[in-house]
Amino acid sequence: YSDGRNITLESAFEYRTPSELQIEGEGIIYDSEVDPSNNYLFLAAGPKGVLVQDLSLAERGENALVARYALPSNYFALGINGFFERNNDRLFVTAALLDKDGAPIKDSARVFVFAVNSFDISQAQLVKSLALGANFAKGIRAENNQVYVAAGDSGLQILDSHLHTKLYSAASYQTKFDALDVAELELQQGKFFAVASGKYNFASQTLDTSSVKSGQLDIIQHNAELGLKHVASIDLPGSHLAVNGTRVYMAMGALGAAIIDIENPYQPKLIARLVNYGPVHDVAIQGNILHLATGESGVVSLNVADAKNIKPTAGKLAIKYPVYVLTTSNYALYTAGSKSLKSESSYMIGRYIDSELRVIRVQPLPHYVNEKLDNVVVSFNKAIDLYDKNNDFVFARNINGEVIPSDIEITNNDISISPNLSQLSVNETFDIVVKSGLASVKPLPNNNYLKIASLENDVVTRFKYINEEDIN
């Protein structure tokens, strides 16, 4: 005040993380995918097919739309996943025909496969169209020589994609409700799938939540000899899934979101319900940070390291439009939304660079080691090799909590740790531990550092020591 008095306004300002870039266009976005180079964003845009955005152009504020891959016969692109390897780039697109009210037409589900020109992204050729015998297909994952599809009223379908031009259905499991999304689970007990199911309204991009029993999460085991076997379920409907380690995160529309522990896939445990943040249309996980797409309320970001003490992150995202779709890369979160959900709507895309230090992968997968494969690599989203004290935050321990002597090397973004396996017995489990406090820094004069980011929570990954002949 002018007379010398003063007052302190507690919590008067709220920090909001700005979008690093923004893209606008015409249409509605149902799904999105970032290529491994982080140069291109592929959008499943309903009747507009697949839209390709050049992110380097968007960074300069230029028109970023560089290609459109049209689907035949008025099909709606509903889901998208890429396979990018050695000039053999493919896009797998789930699709269906929708009537004027946005309802899928019986038996119209298809998967389309586009061969993308690695040297000219604007060029792509439709090399395969496969009918699935379902009302629609939505969630899709492409891994190696297989494609996993949440195929509506026909449930989970596994497609053999060894030859992309000869794609065919190799196995299927009929779910009780329409399958909406699928996620692969690489667990020590073997290979499993999580399948979210329920009743979905494509016109409003919402899940029917009239009852918690209007859908369910199914855990399905995949055995090379026995095929697909249902092993467990949780009676909660879901539309989108994200997986991190032994946790499954599920968007449940007006019912919020759920966190499920699947360390024992035969007895999954519901460990948290998130019901105070509005309707949840999509979920994405980055380390311990769970992002919820909440439509009109934008994005809610939560630290879920401790399921009993879930709390919002410090910086909210500055988003001025409804968000319905999320996707992540190793270094950023991408948001997609529409001003309205009408056919003439316009969409908006945002990119938010990670401000926190987090683990992006722990290898090898599955989490086994033996005498020949004894090296574990923990990769981060930022460089961690400039801080000498970081070695003190990493170790291996046995199930009794005793430290196992290990060789540790930190290079760029990676920690390489080789535990002394002579300290373990075959089939014994052990943990690789990265303690909170490990930091990414900028060196300053006189051996000082500016701490850019530090690991907020411990990261513990369980491995198993097995015989060499068993690792395959």
Side-chain angles (χ1 to χ4, degrees), residues 181 183-189 192-196 207 209 212 215-219 231-294 297 299-316 326 328 333 354 356-362 367 378 381 397 399 401 429 431-438 454-463:
D181 202 7
E184 184 182 9
L185 310 174
E186 290 283 359
L187 304 173
Q188 290 191 353
Q189 298 90 335
F192 297 79
F193 297 101
V195 180
L207 183 69
T209 54
V212 294
Q216 64 187 34
L217 176 73
D218 291 302
I219 306 299
V231 297
S233 61
I234 290 181
D235 290 335
L236 288 173
S239 61
H240 294 79
L241 297 173
V243 176
N244 186 24
T246 58
R247 284 186 181 181
V248 174
Y249 304 88
M250 184 165 68
M252 301 193 302
L255 296 176
I259 304 177
I260 299 102
D261 186 330
I262 43 90
E263 184 173 8
N264 179 355
Y266 304 101
Q267 295 180 322
K269 297 178 181 178
L270 177 65
I271 57 176
R273 285 277 306 273
L274 308 174
V275 297
N276 299 321
Y277 306 101
V280 178
H281 301 276
D282 200 358
V283 288
I285 186 72
Q286 292 180 303
N288 290 319
I289 305 303
L290 175 65
H291 304 286
L292 310 177
T294 61
S297 299
V299 174
V300 174
S301 299
L302 305 170
N303 188 318
V304 294
D306 182 355
K308 296 180 180 179
N309 184 30
I310 295 172
K311 53 189 177 182
T313 58
K316 294 183 178 180
L326 301 173
T328 60
L333 171 72
D354 288 354
E356 301 192 18
L357 181 65
R358 62 182 178 86
V359 172
I360 59 175
R361 74 178 70 88
V362 181
H367 291 154
V378 183
N381 62 331
R397 70 185 180 197
I399 56 175
T429 58
D431 294 330
I432 298 295
V433 181
V434 184
K435 297 289 290 183
S436 61
L438 181 135
S454 59
L455 194 64
E456 186 171 343
N457 302 100
D458 295 353
V459 177
V460 180
T461 308
R462 179 145 293 183
F463 277 79

(request) Could you pull out the closest heavy-atom pair between A232 and P265, with the gap in Å? (result) CB-O, 3.6 Å
(request) Please determine which of L292, L255, L207 meets the side chain to side chain contact (heavy atoms under 4.5 Å, CB included) test together with V280. (result) L292
Side-chain polar contacts of residues 431-438 - donor-acceptor pairs under 3.5 angstrom, sequence neighbours left out - could you list them?
residue	atom	partner	partner atom	Å
D431	OD1	R462	NE	2.8
D431	OD1	R462	NH2	3.3
D431	OD2	R397	NE	3.4
D431	OD2	R462	NH2	3.0
K435	NZ	D458	OD2	3.0
S436	OG	D458	OD1	3.4

(message) If the test is side chain to side chain contact (heavy atoms under 4.5 Å, CB included), which one of I260, L274, V304 qualifies with Y249?
(response) V304
(request) Return the minimal non-hydrogen interatomic distance between M250 and P237, and the atom names on each side. (result) CE-O, 3.8 Å
(request) Might you point out which heavy atoms bring L217 and A194 nearest each other, and give the distance in Å? (result) CD1-CB, 4.1 Å
(request) Side-chain contact test, heavy atoms from C-beta onward, threshold under 4.5 Å: evaluate it for T313 versus E356 and give yes or no. (result) yes
(request) Please answer whether the main-chain N or O of G287 pairs with a side-chain N or O of N244 as donor and acceptor at a distance below 3.5 Å. (result) yes
(request) Scan residues 268-292 for pairs that pass ring-ring contact (aromatic ring centres under 6.0 Å, His included), counting only residues two or more places apart or in two chains. (result) H281-Y324
(request) Find the distance between CG (L236) and OG1 (T209) and round it off to the nearest 0.5 Å. (result) 11.5 Å
(message) Show the nearest heavy-atom pair for residues A196 and S239, with the distance to one decimal.
(response) CB-N, 4.4 Å
(message) For V243 versus I285, what's the shortest heavy-atom pair and its separation?
(response) O-CG2, 3.7 Å
(message) Let me confirm one number: the OG1-NE2 distance from T246 to H367, rounded to the nearest 0.5 Å.
(response) 10.0 Å
(request) To the nearest 0.5 angstrom, please state how far the CE atom of M252 sits from the CZ atom of R273. (result) 4.0 Å
(request) Would you confirm whether D306, through its side chain, and K308, through its main-chain N or O, come within 3.5 Å as a donor-acceptor pair? (result) yes
(message) Considering only residues two or more places apart or on different chains, which pairs with a residue in residues 260-272 satisfy side chain to side chain donor-acceptor pair (under 3.5 Å)?
(response) Q221-Y266, N264-Q267
(request) Kindly compute the distance separating NE2 (H240) from CG (L326), expressed to the nearest 0.5 Å. (result) 9.0 Å
(request) Write down the atom of V283, the atom of L241, and the distance for their closest heavy-atom approach. (result) CG2-C, 4.0 Å
(request) To the nearest 0.5 Å, tell me how far I310 CD1 sits from L302 CG. (result) 7.0 Å
(request) Answer with yes or no whether the side chains of E456 and N288 bring together a donor and an acceptor at under 3.5 Å. (result) no
(message) With rounding to the nearest 0.5 angstrom, report the CD to CZ distance, E184 to F192.
(response) 12.0 Å
(message) In the structure I gave you, are the side-chain heavy atoms of V248 and L185 within less than 4.5 Å of one another anywhere?
(response) yes
(message) Quick one, N381 with Q286, criterion side-chain contact (heavy atoms from CB on, under 4.5 Å). Give me CA distance, side-chain angles, the key distance, then yes/no.
(response) CA-CA 10 Å; N381 62 331; Q286 292 180 303; over 6 Å; no
(request) Side-chain contact test, heavy atoms from C-beta onward, threshold under 4.5 Å: evaluate it for N303 versus I289 and give yes or no. (result) yes
